[in-house]
Asks: 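Handing you this structure, nothing more for now.
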Amino acid sequence: MTEAIKIALVNYITDNIEPAEKQQIEAWIEEDDLHKALYLELQETWNTALFIENNDKIHTEQEYRKLLYRLGVSEKKSIKMKSMLLYAAAVIFAIVFIGIISYLHYKPAREERPLFAQSIYVPVGNKKKLILKDSTVVWLNSGSVLQVSNGFGVSNRTVYLEGEGYFEVKTNKKLVFTVKTKEYTIRDIGTIFNIKTYSTDAKFEAAVMEGEISIEGKFSKEQKTSKIFLTRNGVLKVDKPILNQEKTIVTSFIIDSSVVKVMKAENIDNYAGWKENLLVFDDDNFTDIAHKLERKYNVTILIKDEQLANYRYSGSFNNIPDIQNILDILKETTPVSYSMKGDTITISSKK
């Protein structure tokens with residue numbers, strides 16, 4: 001990476017760039033996954049620096065120099081560009097100063113401020129569509145929780161998901177859209193994707209309908225934090241989380257194929273079919289099948305025989321309102337039987 005590219009990247013992130021140079025740096029970002037990963041990381045660093053809490057001070061020229069330093073631009077080079085730095089600092093200071101005044105004027109007392117600006121829960125047996133402040137469209141599946149961070153649409157675009165969500169992200173290259181889950185962080189500029197991350201399920205799943213996302217988490221045999229990039233029709237499946245306290249960002253790693261699967265889907269729409277009442281089982285074991293049915297039909301399912309928990313099944317059911325119809329099909333096509341007592345269903349091996 002040349003010094004000129006490094007400086008242009010920092011100017012682009014800090015919104016101090018000429019139109020012609022802006023087009024060049026945007027092309028540079030798009031030409032390589034490593035370029036995009038670096039841009040996303042630096043953009044998030046800058047966004048964090050602009051988020052002000054109470055009496056914390058923002059030194060814009062210092063933050064600008066920090067970005068240059070992270071890219072290896074020497075102090076000597078920085079001195080040569082003193083006029084550029086001062087101009088950038090002046091522009092940024094004006095923006096931040098207005099933000100500070102607005103923040104101090106409108107912020108509530110610290111003890112009254114919630115951790116999240118908004119928290120949405122979808123009851124079991126339901127689903128919900130909502131539009132966020134930045135015009136991003138979100139669908140939440142049964143039993144899901146979405147928490148929207150303070151400053152969303154202003155200083156960040158970060159949400160926290162437990163459950164399953166479908167996102168049609170509004171493009172905003174200055175504020176990266178981020179979905180945080182218990183184990184993973186998904187970043188995106190403007191695209192359409194589905195994330196499934198129920199704590200009760202043994203599988204994490206991400207599917208991209210349009211555009212591209214990055215997913216950061218522990219995927220490698222070295223158990224270090226790494227990134228996977230998914231493009232259109234790409235699917236990531238993680239059978240179980242790999243947990244480790246160490247966090248080292250790397251961009252190349254050996255994926256543990258027994259745990260992590262990256263593939264291209266023949267029918268990507270199946271991964272968001274739940275919005276239209278399509279129920280899809282893709283080599284799911286009966287434990288995961290039971291969880292899906294419980295969430296969709298608001299029932300309790302007991303698996304009587306332990307050996308059934310790992311029995312796998314694939315199939316799809318379109319717009320079936322009664323769970324008994326699905327159970328009857330499962331009974332005919334798999335070695336299981338079931339009994340119902342109120343809202344409790346017991347599944348056992350067929351004798």
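Please read all numbers here as calculations on a predicted model, not as lab measurements.
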Asks: Short question: side chain of T136, backbone of L132 - any donor-acceptor pair under 3.5 Å?
Replies: no
Asks: Once rounded to the nearest 0.5 Å, what's the spacing between atom CG of N156 and atom OG1 of T178?
Replies: 8.0 Å
Asks: Working to the nearest 0.5 Å, report the span between CG of D284 and NZ of K292.
Replies: 4.0 Å
Asks: Does the pair F152 and V159 meet the rule for a side-chain contact (heavy atoms from CB on, under 4.5 Å), with working shown?
Replies: CA-CA 8 Å; F152 183 91; V159 298; 3.9 Å; yes
Asks: State, yes or no, whether a side-chain contact exists between N270 and L278 at a heavy-atom distance under 4.5 Å.
Replies: yes
Asks: Just to verify, what does Y311 make a side-chain hydrogen bond (donor to acceptor under 3.5 Å, both in side chains) with, not counting sequence neighbours?
Replies: none
Asks: Please lay out, stage by stage, how N277 and K127 fare under the test side-chain contact (heavy atoms from CB on, under 4.5 Å).
Replies: CA-CA 10 Å; N277 295 315; K127 54 183 179 286; 2.8 Å; yes
Asks: Between T181 and I186, does the side-chain contact (heavy atoms from CB on, under 4.5 Å) criterion hold? Intermediate values first, please.
Replies: CA-CA 8 Å; T181 71; I186 299 92; 4.1 Å; yes
Asks: Check ring pair (Phe, Tyr, Trp, His ring centres under 6.0 Å) between Y198 and all other residues, then give those that pass, not counting sequence neighbours.
Replies: none
Asks: Which heavy atom of A290 sits nearest a heavy atom of I303, and at what distance?
Replies: CB-CD1, 4.3 Å
Asks: Membership question, hydrophobic clusters at under 4.5 Å side-chain separation (ILVMFWY): are I268 and F281 in the same one?
Replies: no
Asks: With rounding to the nearest 0.5 angstrom, report the CG to NZ distance, L279 to K296.
Replies: 6.0 Å
Asks: Does atom CD (E26) have a neighbourhood of more than 12 heavy atoms from anything else shown, all under 6.0 Å?
Replies: yes
Asks: Atom CD1 in I345, atom OG in S339: separation rounded to 0.5 Å?
Replies: 9.0 Å
Asks: Within a radius of less than 6.0 Å around NZ of K264, do more than 12 heavy atoms belonging to other residues, nucleotides or ligands occur?
Replies: yes
Asks: May I ask you to test the I323-V299 pair for a side-chain heavy-atom distance under 4.5 Å?
Replies: yes
Asks: Is the side chain of R157 donor-acceptor paired with the backbone N or O of K170 at a distance under 3.5 Å, no angle test?
Replies: yes
Asks: Kindly indicate whether the side chain of I215, heavy atoms from C-beta on, has any atom under 4.5 Å from the side chain of I213.
Replies: yes
Asks: What class does the angle between the rings of Y184 and F204 fall in, given that below 30° is parallel, 30 to 60° is tilted and above 60° is perpendicular?
Replies: tilted
Asks: Minimum heavy-atom separation for S348 and L308, please, with both atom names.
Replies: C-CD1, 3.4 Å
Asks: Side chain of S144, backbone of L140: donor and acceptor closer than 3.5 Å?
Replies: no
Asks: With a cut-off of 6.0 Å (strictly less than), are more than 12 heavy atoms of other residues, nucleotides or ligands near NZ of K128?
Replies: no
Asks: Which heavy atom in V235 sits nearest to a heavy atom in A207, and how many Å separate them?
Replies: CG2-CB, 4.1 Å
Asks: Using the six-membered ring wherever Trp is involved, compare the ring planes of F286 and Y313 and label them parallel, tilted or perpendicular (cut-offs 30° and 60°).
Replies: tilted
Asks: If only atom types and distance count, is the side chain of K350 paired as donor or acceptor with the main-chain N or O of K331 below 3.5 Å?
Replies: yes
Asks: Between the side chains of E276 and N319, does any donor sit under 3.5 Å from an acceptor?
Replies: no
Asks: Start with the C-alpha gap between E164 and T197, add the side-chain angles, then the distance that decides, and say whether side-chain hydrogen bond (donor to acceptor under 3.5 Å, both in side chains) holds.
Replies: CA-CA 6 Å; E164 185 166 18; T197 177; over 6 Å; no
Asks: Report yes or no: do W274 and N194 form a side-chain donor-acceptor pair below 3.5 Å?
Replies: yes
Asks: Side-chain donor-acceptor pair under 3.5 Å between Y166 and E168, yes or no?
Replies: yes
Asks: For a quick check under 3.5 Å, do N126 and S142 share a side-chain donor-acceptor pair by atom type?
Replies: no
Asks: For M209 versus F193, what's the shortest heavy-atom pair and its separation?
Replies: SD-CA, 3.9 Å
Asks: Do you know the tightest heavy-atom contact between D188 and V176?
Replies: O-CG1, 3.3 Å
Asks: Please round to the nearest 0.5 Å and tell me the distance separating atom OG of S337 and atom CD1 of I347.
Replies: 9.0 Å
Asks: Indicate the atoms forming the closest heavy-atom contact of L230 with A206, along with that distance.
Replies: CD1-O, 3.8 Å
Asks: Indicate if V179 and V122 have the same hydrophobic cluster label, given that clusters are the connected sets of ILVMFWY residues with side-chain heavy-atom separations under 4.5 angstrom.
Replies: yes
Asks: Hey, does I29 have a side-chain heavy atom less than 4.5 Å from the side chain of Y12?
Replies: yes
Asks: Using side-chain heavy atoms (C-beta onward) and a distance below 4.5 Å, is K261 in contact with L236?
Replies: no
Asks: Transitively linked via ILVMFWY side-chain contacts under 4.5 Å: V124 with L302?
Replies: no
Asks: Start with the C-alpha distance between I228 and V260, add both sets of side-chain angles, then the distance that settles side-chain contact (heavy atoms from CB on, under 4.5 Å), and finish with yes or no.
Replies: CA-CA 11 Å; I228 292 177; V260 180; 4.1 Å; yes
Asks: A side-chain contact here means heavy atoms from C-beta on lying under 4.5 Å apart; do F177 and T171 qualify?
Replies: no
Asks: Would L175 and V154 show up in the same hydrophobic cluster when neighbours are defined by side-chain heavy atoms closer than 4.5 Å?
Replies: no
Asks: So do the side chains of K133 and Q118 get within less than 4.5 Å of each other, counting heavy atoms only?
Replies: no
Asks: Is V208 reachable from M263 through a run of hydrophobic residues whose side-chain heavy atoms are each under 4.5 Å from the next?
Replies: no
Asks: Using modelled atom types only, decide if a donor and an acceptor are shared between the side chain of E162 and the backbone of L146 within a distance under 3.5 Å.
Replies: no
Asks: Can you see whether E216 engages T225 through a side-chain donor-acceptor pair at a distance of less than 3.5 angstrom?
Replies: no
Asks: Does the side chain of I289 come within less than 4.5 Å of H291's, by heavy atoms?
Replies: no
Asks: Say you draw a straight line from CG of N141 to CG of L161; how long is it, rounded to the nearest 0.5 Å?
Replies: 10.5 Å
Asks: Can you tell me if NZ on K275 sees more than 12 non-hydrogen neighbours from other groups inside 6.0 Å?
Replies: yes
Asks: Suppose we screen for side chain to side chain contact (heavy atoms under 4.5 Å, CB included). Which residues come up paired with I320, at least two apart in sequence or across chains?
Replies: Y297, F317, N325, I326
Asks: Do D283 and S314 get their side chains close enough for a donor-acceptor pair, meaning under 3.5 Å?
Replies: no
Asks: Quick one: does D201's side chain have a donor or acceptor within less than 3.5 Å of a partner on K203's backbone?
Replies: no
